[in-house]
Amino acid sequence: MNRHFLGDTTVLLGRSLRHIARSPDTVITTAVMPIAFMLLFVYVFGGAIETGSDSYVNYLLPGILLITIASGISYTAFRLFLDMQGGIFERFQSMPIARSSVLWAHVLTSLVANLVSLVVVVLVALLMGFRTGTSVLGWLAVAGILVLFTLALTWIAIIPGLTAQSVDGASAFSYPLVFLPFVSSAFVPTASMPGPVRAFAEHQPVTAIVNTIRDLFAQKPVGSDIWTALAWCVGVLMVAYLFANLTYRRKIS
């Protein structure tokens, strides 16, 4: 059964990746907005924001990476919605393939596409002056957190992709996720925020994830933030995975 699932997922993943290769503008579009935010904040607002950091691009980059992922997952919902509307799911049901492989192919496609976008954003940040002395293990830890975050948000994206009534509805869910980093420690320290806003910012998942990645890049002790970040990512991933699969079963039943 596992071999059957892996084989089917590999074939469907190849199909989805070919769609990405034929339409690279989706990856480019995903990277453009975060890069625009990075340029705007570093070169326009950066001089007026006091973060206690020598380089604002170093302070800013972790939040920009999360925005890149949040904007990229909208394409997962979009592609899934098009498959639903195009009748490909009905065709798959008539074939002897593992049912869950259809969703996993979309999830893994999202992971690959988002990793490419993240690499593009990091390269631009390096051109803008981003520097880190972190070790290979530090980079692997950052990559692991970003992969977990991508998987969690992608499984959330599966739900509107299956249930939306229009293309706009399938991708609109990502807008609040894109702007969530703005009410966190991604752009300014939370200590500068008013009381209620500060309380929300300090207890939402983005702040713990941003702080962890920032400390890893700066080679600082990550403290308890890494456990909070992992708890949020794993918790959201498990809940989203459960609800996405329940929604999928109802759709194909």
Side-chain angles (χ1 to χ4, degrees), residues 30-31 33-73 114 117-118 121-122 124-126 128-135 138-153 156 174-237:
T30 298
M33 184 176 69
I35 290 173
F37 280 141
M38 190 160 53
L39 292 170
L40 177 66
F41 275 87
V42 170
Y43 294 124
V44 178
F45 301 136
I49 299 176
E50 181 58 47
T51 62
S53 173
D54 293 334
S55 171
Y56 187 57
V57 68
N58 283 16
Y59 185 90
L60 182 73
L61 182 60
I64 294 296
L65 296 178
L66 299 192
I67 289 176
T68 304
I69 295 170
S71 61
I73 59 163
N114 276 291
S117 297
L118 289 170
V121 171
V122 170
V124 173
L126 287 170
M128 294 172 62
F130 169 71
R131 295 294 182 269
T132 175
T134 193
S135 63
W139 274 106
L140 289 175
V142 170
I145 292 170
L146 293 175
V147 166
L148 270 178
F149 187 71
T150 302
L151 290 174
L153 293 196
I156 293 175
S174 66
Y175 298 154
L177 299 177
V178 170
F179 288 101
L180 196 59
F182 288 92
V183 193
S184 73
S185 63
F187 295 94
V188 296
T190 56
S192 64
M193 300 176 183
V197 178
R198 178 180 178 179
F200 173 79
E202 290 181 345
H203 294 90
Q204 60 127 318
V206 169
T207 292
I209 298 170
V210 163
N211 290 344
T212 299
I213 295 174
R214 187 178 291 138
D215 288 341
L216 287 168
F217 279 149
Q219 297 177 286
K220 295 179 180 178
V222 293
S224 62
D225 276 332
I226 190 169
W227 302 115
T228 305
L230 291 175
W232 271 111
C233 288
V234 173
V236 171
L237 173 58

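Below, all heavy atoms of this structure are taken into account, side chains as well, without hydrogens, waters or symmetry copies. Predicted model, so just to flag it, every value in this text is computed and none were measured.
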Do the side chains of [Y] and [X] get nearer than 4.5 Å, heavy atoms only?
X	Y	value
Cys233	Pro205	no
Phe187	Ile64	yes
Phe37	Leu60	no

Among all residues two or more places apart in sequence or in another chain, which pass the side-chain contact (heavy atoms from CB on, under 4.5 Å) test with Val188?
Ile49, Ser192, Met193
Could you tell me the separation between the [atom1] atom of [X] and the [atom2] atom of [Y], rounded to the nearest 0.5 Å?
X	Y	atom1	atom2	value
Ile145	Leu216	CD1	CG	5.5 Å
Ser71	Leu66	OG	CG	10.5 Å
Tyr43	Tyr56	OH	OH	13.0 Å

Per the side chain to side chain contact (heavy atoms under 4.5 Å, CB included) rule, which among Val122, Ile209, Val210, Asn114 passes with Leu65?
Val122
Please report the shortest heavy-atom distance between [X] and [Y], naming the atom on each side.
X	Y	answer
Ala201	Ser184	CB-CA, 4.0 Å
Gly63	Ala186	CA-CB, 3.7 Å
Val236	Ala152	CG1-CB, 4.0 Å
Ile67	Val178	CG1-O, 3.7 Å
Pro34	Ala31	CD-O, 3.3 Å
Ile73	Ala70	CG1-O, 3.2 Å

Residue pairs passing the side chain to side chain donor-acceptor pair (under 3.5 Å) test where at least one lies in residues 212-230, sequence neighbours excluded:
Asn211-Arg214
Centres of the Tyr59 and Phe41 rings: under 6.0 Å?
no
Phe217 and Phe130 aromatic centres sub-6.0 Å:
yes
Under the rule for salt bridge (charged side-chain N to carboxylate O under 4.0 Å, His left out), what residues qualify as partners of Arg131, not counting sequence neighbours?
none
Under the side chain to side chain contact (heavy atoms under 4.5 Å, CB included) rule, what do Leu39 and Met128 come out as? Steps first, then yes or no, please.
CA-CA 8 Å; Leu39 292 170; Met128 294 172 62; 3.7 Å; yes
Please tell me whether Glu202 and Thr190 have a donor and an acceptor in their side chains that are separated by less than 3.5 angstrom.
yes
